[in-house]
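Quick one: this structure, given as structure tokens, is what I'll be asking you about.
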Amino acid sequence: MSDNQQTTKNYKDTVFLPNTTFPMRGGLPQKEPEIMARWERLDLYKKLRKERKGREKFILHDGPPYANGHLHIGHALNKILKDVINRSQSMMGKDANYVPGWDCHGLPIEWKIEEEYREKGRDKDEVPIEEFRRECRNFAAHWMNVQSEEFQRLGVLGDWKDPYYTMKFESEAIIAAEIGKFLMQGSLYRGSKPVMWSPVEKTALAEAEVEYNDHTSTTIFAKFELIECPIEALIGNFIVIWTTTPWTIPGNRALAYGKNIDYIVVLIKRVTDTSLALEGQTIIVSELLFENICAQCGILEYKVKNKLKGHELKGSIANHPMAKAGYDHTVPLFDGDYVTTEQGTGFVHIAPGHGPEDYDLAHIKNGIEVPDTVNENGVLMEHLPVFSGLHVLRDNLKIAQIMAEHDGLIGIGKLTHSYPHSWRSHAPVIYRNTAQWFISMDTDGLREYALSALAQTLFYPVAGQRRLTSMIENRPDWCLSRQRAWGVPIPVFVEKKSGKPLKDQKVVDRITSIFRTEGCDAWFTSPPSRFLGENYDPDSYEKVNDIADVWFDSGSTHAFVLEQREDLHSPADLYLEGSDQHRGWFHSSLLESSGTRFKAPYKGVLTHGFVLDEQGRKMSKSLGNVIQPQKIIQQSGADILRLWVVSSDYYDDLRIGTEILKRQSDHYRRIRNTLRYLLGALDGFDNLQSVQFDKMPELEKWVAARLFDLDKTIKEKANIYDFHAVFTELHDFCNGDLSAFYFDIRKDMLYCDAIDDESRRAALTIMDMCFKSLVAWIAPILCFTADEAWFAYTKNDEDSIHLCEYQKIPLGWENSELIKKWSKVRSIRSEVTTALEKARIESKIGGSLQASVKLSLPEEEATHLSGIDLPTLFITSDAQIVISKNSKIKVEVNLAVGDKCGRCWKILPEVITNDGICKRCEEVVTAMV
RNA sequence: AGGCGCGUAGCUCAGUUGGUUAGAGCGCACGACUGAUAAUCGUGAGGUCGGCAGUUCAAAUCUGCCCGUGCCUACCA
């Protein structure tokens, strides 16, 4: 026994074991920054540009993230996916130039600055606009830098030294010029629209600046006398509405009914002493709500005269409740599909200036003019009869009483309900009709252009096309203006006399060129005469002080990035963002480009889902399930995060959590160890001669055929951005084909055959190709690890795998017959391993080399094994075949006969008479001395 | 509430035009090896394919309803 051990030890030095500097464990959190530093030193991005110069370009245009905070996991997903795509396109030989960008203007940054002011006790309105804008600019610049670092730490390769951003002077100039195009072609127009308005701050508010608190409103039941109706008997009866905002009555221009709602026509017979309802009058209200109305309006006795469905009122016209007091316009009735019978009367009064739905139904759908009734202080305007000077928040009871005096009501009440308030002052807000600038969807055919552009765009996944299309089909005109400070101004002058915007390309050009050198601050700091030039009198023109919707900024990136940079082109090959951007960037970019260039700025659109936690819940601070990418990078490394991206179905929502990340680390180790084994085996291969393909053993040819197929599949999948499939293929190849099969079988040959034996060299030749192929295939995904492995292989500090392309696999390696054959071989092999396991459980054998197998199998199965060395295939010491008539394969396992070779550990009869070593090993060892 | 999606083993995913006992990898359990060793190899156990109903000789796959969930709108007189 001790003899044997000593012998074994002696032979160990004669075995060619794998040897490599590439460690088993990645230590990614430490290693990755080192690799980044090398990329930096090599100037990898520039070097790659030089390397790919003149090649076909692939342009994935970066959707700009908003520069106001650290990255979250969604950013990481987005940028990693972009990087994987860019790197894979580069590996396929294209010049995939990636220019990252940032969105800098807009409300959230304004808020932050305002917040800082509040902390210092300063009033925003007293700060000069240029100072305020300067602080916004500094804020955005700060976060751009932070995010840039964080993105680069993810391994994202791009032009980080010269990115684009919307607040760059040149960008601002071109954004203004783009607005100028809409102005010149006539689709930019001034209209009006109800927006959230705070009478206290005298300013428009964004949706996010509004909070909902309880508020007690005076409610009224107002009556509208029918003067025209398809059911003639109803003329002279009263439609009753209920509202919580009596101040909107002067702005009433229509009524809405629900076409399927059941209404009743009721004669009022007796009422309470205090009731405002009049005995003998006939009202029309919802049948369902009538009881409630009686209670609130003091109706004691009544008679139902008739019943009808809402649609029977189609085409009716009523008088305003204050018709006799000067409100003598007619009030048409429309079908409002949003009318419900949850509360009120089943009729809704429509004031197009004071609610989005009202605006939509009356103005958009039915062309009713929107009246101006409320000024910026929340006071009803001078031109209004009776109500002029009353305040919309304070005087509602007074308004109700006046209406009651004019016999316009049947009841007054009170209601406490959730109501929007200003985030800043906590005062109630109202919807107020405000002048706004719009881009028309239809006057210049914008909708048509956009829709036909969409039809020609490739979507990944295809569902995105329908989603965007239906949005474009249904959307109203683009409201371009914001009553804000931090953004690109709408660079328009309005002629005071005519109220029309000034359309002069020379003025637009002047504005653009000033913005280009000074930024668009100039709009706010320079006298109008500078822009107007000599042909226009500044006193006759009003300068528009609104800024543009920031979606217009980012929607114009194709104009100031893709078209401007020599190293890019438009349209981009791909836009890639989260699925929320159907409403956002995909949408605004499409409209901007369709309006000015009559085509989409992209050939393809890829959307990914949102990142959820391990249970599929959305991440939120309150749930405490937010996972920060920085933390994952610290603990596991960016390559693990990158692996997570490609092992998920990113078209759908993705989940992340501890178990999921643990699985990624498992997958990572498997791929890393495969590379490590290849590197170890290839140690010293550069001193050996490689072997011609046709001289290789069949098993090596099979590996070659697998490489060929894999190469084809990976390129196909990469071209349709299906990296989940790429990853699966790669993992299965490393796992199933190499580690569990090919490597396992070839260990004996690699370790024990003569170092320069032809078969051994053939194996190494193919393993060399495996390594070079694999490392390139994984490079777009595991960008750090691939480069680390590449360095361990080349020992060249000046090189990077990211400068390479995918290995060219010789056409002659394709062999589908061989693939088919070896799939059969492997299923027979699996029968053997199962039988070996059974013998192991019975303690017949331990390692498979202790076994000798005899398999009986039908002739046609046996033919698959012809020419294959069976003990090698099964990793046993002996194996024989017996042809049987039974269609089932039978495997008999016995102990191999002979002694164990001290070097190769096979059990062979020859070892007994050969001094503890087999003949092959003896020859090899002898030759070594 | 509406529009667009999603729901297959503990986890990540395959499942072509409906067609045998629903697949893979990981994890897990058990075992082997100790010459890929904080590795490697083998074997095995895991699923009423979200639920219910229907169409059909046959449904994870088609239809309807419901439940859960995500994105985008709308949350109102």
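Throughout, a chain's letter reflects where its sequence line sits, starting with A, and its residues are numbered from 1. Keep in mind that the numbers below use all heavy atoms, side chains included, and drop hydrogens, waters and symmetry copies.
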- prompt: Do Phe743(A) and Leu678(A) touch side chain to side chain, with heavy atoms closer than 4.5 Å?
  reply: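 Side-chain contact under 4.5 Å: yes.
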field: Proximity to the side chain of Lys12(A) - top-ranked nucleotide from G35(B), U40(B), U43(B)
entry: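 Given the options G35(B), U40(B), U43(B), the side chain of Lys12(A) is closest to G35(B).
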message: If I take atom CZ in residue Phe874(A) and atom P in nucleotide C33(B), what distance separates them, rounded to the nearest angstrom?
response: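 So the two atoms are 21 Å apart, to the nearest Å.
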query: C41(B) P sits how many Å from Arg826(A) CZ, rounded?
result: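 To the nearest whole Å, that distance equals 12 Å.
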task: Check every atom of G35(B), C11(B), A77(B) against the side chain of His349(A) and return the nucleotide holding the closest atom.
output: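 Nearest nucleotide to the side chain: A77(B).
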message: Under a 3.5 Å cut-off for both contacts, is G64(B) paired Watson-Crick or G-U wobble with anything, and if yes, with which nucleotide?
response: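 Because both required distances fall under 3.5 Å, G64(B) counts as paired with C52(B).
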- prompt: Is the shortest side-chain N/O distance from Thr834(A) to OP1 or OP2 of U43(B) below 4.0 Å?
  reply: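 Checking Thr834(A) against U43(B): at least one side-chain N or O falls below 4.0 Å of OP1 or OP2.
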message: Syn if the chi torsion is within 90° of 0, anti otherwise; quick check, which is G23(B)?
response: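 Anti conformation for G23(B).
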- prompt: At under 4.0 Å between heavy atoms, what does Phe743(A) touch on the DNA or RNA strands: base, sugar-phosphate, or nothing?
  reply: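 Here Phe743(A) touches the bases of the nucleic acid.
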message: Evaluate Asp683(A) against Thr20(A) for side chain to side chain contact (heavy atoms under 4.5 Å, CB included), listing each step before the verdict.
response: CA-CA 7 Å; Asp683(A) 182 48; Thr20(A) 173; over 6 Å; no
query: If we take the P atom in both A14(B) and C33(B), what is their distance in whole Å?
result: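 The same atom, P, in both gives a distance of 39 Å.
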message: From C-beta outward on Arg466(A), which listed nucleotide comes closest to its side chain: C13(B), C4(B), C75(B)?
response: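 Out of C13(B), C4(B), C75(B), the nucleotide with an atom closest to Arg466(A)'s side chain is C4(B).
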- prompt: Can you tell me how far P of A38(B) sits from CG of Asn673(A), to the nearest Å?
  reply: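 Atom CG in Asn673(A) sits about 10 Å away from atom P in A38(B).
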query: Can a cation-pi geometry be assigned to Arg672(A) and Phe22(A), taking NZ or CZ under 6.0 Å from the six-membered ring centre and within 45° of the ring axis?
result: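 Yes, Arg672(A) sits over the ring of Phe22(A).
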message: Could you tell me how far apart Leu679(A) (CG) and A39(B) (C1') are, to the nearest whole angstrom?
response: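 The distance from CG of Leu679(A) to C1' of A39(B) comes to 15 Å, rounded to the nearest Å.
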- prompt: Separation of Lys844(A) atom NZ from G42(B) atom C1', in whole Å?
  reply: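 In whole Å, G42(B) C1' and Lys844(A) NZ are 17 Å from each other.
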- request: Quick one: pull up NZ in Lys747(A) and CG in Leu17(A) and give me the separation to the nearest 0.5 Å.
  value: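 Lys747(A) NZ to Leu17(A) CG: 11.0 Å, rounded to 0.5 Å.
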query: Where the side chain of Tyr431(A) is defined as all heavy atoms beyond and including C-beta, which of A77(B), C75(B), U34(B) is the nearest nucleotide?
result: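 Of the options given, the side chain of Tyr431(A) lies nearest C75(B).
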- request: Measure across Ala256(A) and Ile350(A) and return the closest heavy-atom pair with its distance rounded to 0.1 Å.
  value: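 Looking at all heavy atoms of both residues, the shortest contact is CB-CD1, 3.8 Å.
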Polar pairs (N or O, both sides) under 3.5 Å between protein and nucleotides 24-31 of chain B?
unit_1 : atom_1 : unit_2    : atom_2 : d
G25(B) : O3'    : Asn735(A) : ND2    : 2.7
G25(B) : O2'    : His731(A) : ND1    : 3.1
C26(B) : OP1    : Asn735(A) : ND2    : 3.1
C26(B) : O2'    : Arg663(A) : NE     : 3.4
G27(B) : O4'    : Arg663(A) : NE     : 3.4

- request: Could you run through nucleotides 60-72 of chain B and give me one letter per nucleotide, 5' to 3': B if any protein heavy atom sits under 4.0 Å from the base, S if only the sugar-phosphate is that close, - if neither?
  value: ---------SSBS
query: Choosing from A39(B), G35(B), G3(B), which nucleotide comes nearest the side chain of Trp905(A)?
result: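 So the nucleotide nearest the side chain must be G35(B).
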Check: A36(B) base within 3.5 Å donor-acceptor of Thr674(A) side chain: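 Looking at the base of A36(B), it does not pair with any donor or acceptor on the side chain of Thr674(A) (distance under 3.5 Å).
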task: Take atom P in U61(B) and the same atom in C65(B), then report the distance between them in whole Å.
output: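 Result for the P pair: 16 Å, nearest Å.
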field: Nearest-nucleotide 5' precedence on RNA chain B, Cys734(A) against Val339(A)
entry: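 Of the two residues, Cys734(A) wins.
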task: Using heavy atoms to find the nearest nucleotide of RNA chain B for Gly344(A) and Glu614(A) separately, return the residue whose nucleotide is more 5′.
output: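 Counting from the 5' end, the first nearest nucleotide belongs to Glu614(A).
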- request: Provide the distance between the two P atoms, one in C66(B) and one in C28(B), to the nearest whole Å.
  value: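 About 42 Å, rounded to a whole number of Å.
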query: Which value, in whole Å, describes the distance between the P atoms of nucleotides G2(B) and G64(B)?
result: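 After rounding to an integer number of Å, I get 16 Å for this pair.
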task: Please state the P separation for the pair A9(B) and G15(B) - nearest whole angstrom.
output: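 Here A9(B) and G15(B) have their P atoms 15 Å from each other.
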message: Work out how far the C1' atom of A22(B) is from that of U37(B), and round it to whole angstrom.
response: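 About 37 Å, rounded to a whole number of Å.
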query: Taking His354(A) as the fixed residue, which of Tyr431(A), Trp197(A), Trp247(A), Tyr359(A) is the one that meets the ring pair (Phe, Tyr, Trp, His ring centres under 6.0 Å) rule?
result: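 Exactly one candidate clears the test, Trp247(A).
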field: Chi angles and distances behind the side chain to side chain contact (heavy atoms under 4.5 Å, CB included) call for Thr248(A), His349(A)
entry: CA-CA 9 Å; Thr248(A) 59; His349(A) 110 87; 2.7 Å; yes
- prompt: So which nucleotide does A74(B) pair with, by the Watson-Crick or G-U wobble rule with both distances under 3.5 Å?
  reply: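 Check on A74(B): unpaired, no WC or wobble geometry under 3.5 Å.
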message: Taking the minimum atom-to-atom distance to the side chain of Ile660(A), which one of C11(B), U43(B), A36(B) wins?
response: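 Looking only at heavy atoms from C-beta outward on Ile660(A), the closest nucleotide is C11(B).
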- request: Evaluate side chain to side chain contact (heavy atoms under 4.5 Å, CB included) for Asn366(A) paired with Leu361(A), printing each intermediate quantity in order.
  value: CA-CA 6 Å; Asn366(A) 291 292; Leu361(A) 182 65; 4.1 Å; yes
Distance, rounded to the nearest Å, where Asp360(A) contributes CG and C76(B) contributes P: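 It is 17 Å, rounded to the nearest whole Å.
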- request: Using a strict cut-off of less than 4.0 Å between a Lys/Arg side-chain nitrogen and an Asp/Glu carboxylate oxygen, indicate whether Arg840(A) and Glu837(A) qualify as a salt bridge.
  value: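 Yes.
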Integer angstrom distance from the C1' of C11(B) to that of G19(B):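 Pairwise C1' distance, C11(B) against G19(B), rounds to 31 Å.
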message: Once you apply a heavy-atom cut-off of 4.0 Å, does Arg672(A) come out as touching a base, just sugar-phosphate, or nothing?
response: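 Arg672(A): no heavy atom of the nucleic acid under 4.0 Å.
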- request: Measure from the side-chain heavy atoms of Lys747(A) and tell me the nearest of G5(B), U34(B), A36(B).
  value: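 The answer is A36(B).
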- prompt: How about Val891(A) and Phe874(A): do any of their side-chain heavy atoms sit closer than 4.5 Å?
  reply: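 When only atoms from C-beta onward are counted, Phe874(A) and Val891(A) do not touch, as no gap falls below 4.5 Å.
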task: Among Val605(A), Thr607(A), Leu606(A), find the one that has a side chain to side chain contact (heavy atoms under 4.5 Å, CB included) with Phe459(A).
output: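 Only match with Phe459(A) under side chain to side chain contact (heavy atoms under 4.5 Å, CB included): Val605(A).
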message: Using Watson-Crick or G-U wobble geometry with both distances under 3.5 Å, which nucleotide pairs with U69(B)?
response: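 Looking at the geometry, U69(B) pairs with G5(B).
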query: Taking the P atom of each, how far is U56(B) from G18(B), in whole Å?
result: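 Pairwise P distance, U56(B) against G18(B), rounds to 16 Å.
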message: With a cut-off of less than 4.0 Å, is there a side-chain N or O of Ser739(A) near OP1 or OP2 of C41(B)?
response: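 Result: yes.
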message: Looking at G25(B), which nucleotide sits across from it as a Watson-Crick or G-U wobble partner, both distances under 3.5 angstrom, or is there none?
response: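 The base-pairing partner of G25(B), which may sit in any strand shown, is C11(B).
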- prompt: Asn474(A) CG to A74(B) C1': how many Å, rounded?
  reply: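 Going from CG in Asn474(A) over to C1' in A74(B) covers 14 Å.
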- prompt: Can you find a side chain N or O atom of Thr833(A) that sits less than 4.0 Å from OP1 or OP2 on U43(B)?
  reply: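 For Thr833(A), the contact criterion (side-chain N or O under 4.0 Å from OP1 or OP2 of U43(B)) is met.
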- prompt: Would you call Arg920(A)-Asp748(A) a salt bridge at under 4.0 Å N-O?
  reply: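 Salt bridge: yes.
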- prompt: Would the Tyr650(A) and Phe723(A) ring centres measure less than 6.0 Å apart?
  reply: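 Not under 6.0 Å, so no.
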field: Pairing partner of G31(B) (Watson-Crick or G-U wobble, both distances under 3.5 Å)
entry: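 Across all strands, the one nucleotide that pairs with G31(B) is C41(B).
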- prompt: Whole Å only: how far is the CD1 atom of Ile241(A) from the C1' atom of C76(B)?
  reply: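 So the CD1-C1' distance, Ile241(A) to C76(B), works out to 14 Å.
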